[in-house]
2 protein chains.
Amino acid sequence: MERELLLLGLLRQGAMHGYQLNDFIERNLAFCTDLKKSTAYVLLDKLQARGWVTMQEARAGNRPHKRVYSLTAAGEDAFQRLLRENLGEFVAAKTGSDIGLAFIDALPKREALRLLNRRRAALAEQLTEFESAPQHQGSYQLLIDHQLNYLRCELEWLSQVIARMQSRRVPLRRGSARA
Amino acid sequence: MERELLLLGLLRQGAMHGYQLNDFIERNLAFCTDLKKSTAYVLLDKLQARGWVTMQEARAGNRPHKRVYSLTAAGEDAFQRLLRENLGEFVAAKTGSDIGLAFIDALPKREALRLLNRRRAALAEQLTEFESAPQHQGSYQLLIDHQLNYLRCELEWLSQVIARMQSRRVPLRRGSARA
DNA sequence: TTTTCCATGTAACTCGTTACATGATTTC
DNA sequence: GAAATCATGTAACGAGTTACATGGAAAA
């Protein structure tokens with residue numbers, strides 16, 4: 001119901017057509033949702049089928065036909081319900097690429113470090129990019145703060161892991177020189 | 001390729017049948033993957049079709065037939081490739097329930113706080129549960145550390161958000177008493 | 001003897017993506 | 001006249017889940 005909540009929330013601020021919604025999401029919320037454009041159109045149909053929004057064909061001047069959606073009373077109810085549900089529970093984020101860490105011992109230490117450093121670089125870059133993004137207004141800034149917090153924590157943790165790995169002695173092999 | 005990497009990595013430590021794999025995952029890795037049992041069986045078929053594992057029917061005593069899978073050389077190659085790919089890149093985790101925050105202003109402050117406190121409680125509980133889990137060995141502990149780090153960061157951030165929201169004055173309405 | 005554990009699957013379904021299709025209008 | 005923007009969709013596909021189906025053995 002994440003995506004539904006998003007669409008309902010946006011429509012709450014005024015009637016919009018699909019293209020507008022997609023545009024807004026792409027410009028402002030790309031970092032926190034991966035909703036695709038096609039999906040949004042399909043979703044709007046479903047919201048309509050549920051009676052949460054109504055649609056009205058419109059055409060401004062000679063521009064292509066638009067389908068403008070507005071929230072219904074039932075839609076506002078649904079929004080309120082979904083929002084409360086969403087805010088009141090905690091769902092841990094799914095890490096995209098964690099399990100690799102479980103098998104890091106399968107690589108020579110040198111290479112493991114090289115890879116982790118590359119990972120850290122990618123992370124750091126993402127963070128920098130994010131930090132230089134312009135401030136948003138109101139609660140949207142909360143989302144950005146959250147993401148920033150997440151990225152910073154990840155970076156710090158990863159740095160620690162690398163440091164720990166670097167300082168650990170290479171396991172001695174039989175026959176290696178020993179002081 | 002996350003799931004494939006996981007299965008290959010486990011099979012690398014020795015031949016296993018599906019039930020064993022599922023069991024291990026459920027007991028030890030439930031927090032970092034949501035691989036379902038049925039999916040695992042299907043996946044093993046696919047790994048076999050790709051030549052990454054071989055299967056051998058076995059039966060111990062009168063127990064039900066088992067299909068024991070072992071890694072092939074091609075499977076080891078695939079594992080090495082997938083592991084490097086996985087470790088070398090950073091993929092931000094997908095937050096399960098973030099967008100609600102963008103619309104938190106839609107609720108009266110009181111209720112918003114009540115919900116966020118509930119969210120924090122759920123988070124704190126998850127963290128406690130996790131902290132009391134037994135230590136794992138080797139790199140698996142890395143996964144647990146990662147999750148712990150994540151949960152702690154989330155908890156701290158959420159607490160800050162709540163604190164900020166609490167200390168902010170309620171917006172005055174027209175006609176409210178003013179000092 | 002009933003429940004739990006061992007052990008494996010299939011079929012239908014859901015959700016979402018990708019690629020494709022369409023067509024007008026404004027800008028270069 | 002070409003390209004970008006505006007505007008909406010559909011059909012095929014893919015990944016994964018759910019619910020269901022099966023059946024023997026061990027434990028309670």
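Convention: sequence-line order gives letters A, B, ...; per-chain numbering from 1.
Nucleic acid contact for N22(B): none, since no nucleic acid atom lies under 4.0 Å from a heavy atom of the residue. Looking at heavy-atom distances under 4.0 Å, D23(B) makes no contact with the nucleic acid at all.
Rounded to whole angstrom, the span from the CG atom of L35(B) across to the C1' atom of dT18(D) amounts to 15 Å. Rounded to whole Å, atom P of dT8(D) lies 9 Å from atom CG of L44(A). Atom CD of E26(A) and atom P of dT5(D) are 11 Å apart (whole Å). Atom CE in M1(A) sits roughly 11 Å away from atom C1' in dC15(C) (whole-Å rounding).
Distances shown here put a side-chain N or O of R3(B) below 4.0 Å from the OP1 or OP2 atom of dT17(D). Using a 4.0 Å cut-off, no side-chain N or O of T39(B) falls inside it from OP1 or OP2 of dG16(D). Regarding contacts with the backbone of dG9(C), every side-chain N or O of Y41(B) stays at 4.0 angstrom or more from both OP1 and OP2. Of the side-chain N and O atoms in H65(B), none sit less than 4.0 angstrom from OP1 or OP2 of dT8(C). Phosphate proximity of dA7(D) to K66(A): present, with a side-chain N or O under 4.0 Å from OP1 or OP2.
Using modelled atom types, one finds a donor on one side chain and an acceptor on the other under 3.5 Å when comparing N117(B) with R120(B). Defined by atom type and a distance below 3.5 Å, a donor-acceptor pair is present between the side-chain atoms of D105(B) and S139(A). Side chains of E26(A) and N22(A): no donor on one and acceptor on the other come within 3.5 Å.
Projected onto DNA chain C by closest heavy-atom contact, H17(B) and S38(B) fall at different nucleotides, the more 5' of which corresponds to H17(B). With DNA chain C read from its 5' end, the first of the two nearest nucleotides for K36(A) and K37(B) is the one closest to K37(B).
Y150(A) and F31(B) fall within a single hydrophobic cluster, where Ile, Leu, Val, Met, Phe, Trp and Tyr are joined by side-chain heavy atoms under 4.5 Å apart, directly or via other members.
Residue Y69(B) has its side chain nearest to dG9(C) when only dA7(C), dG9(C), dT17(D) are considered.
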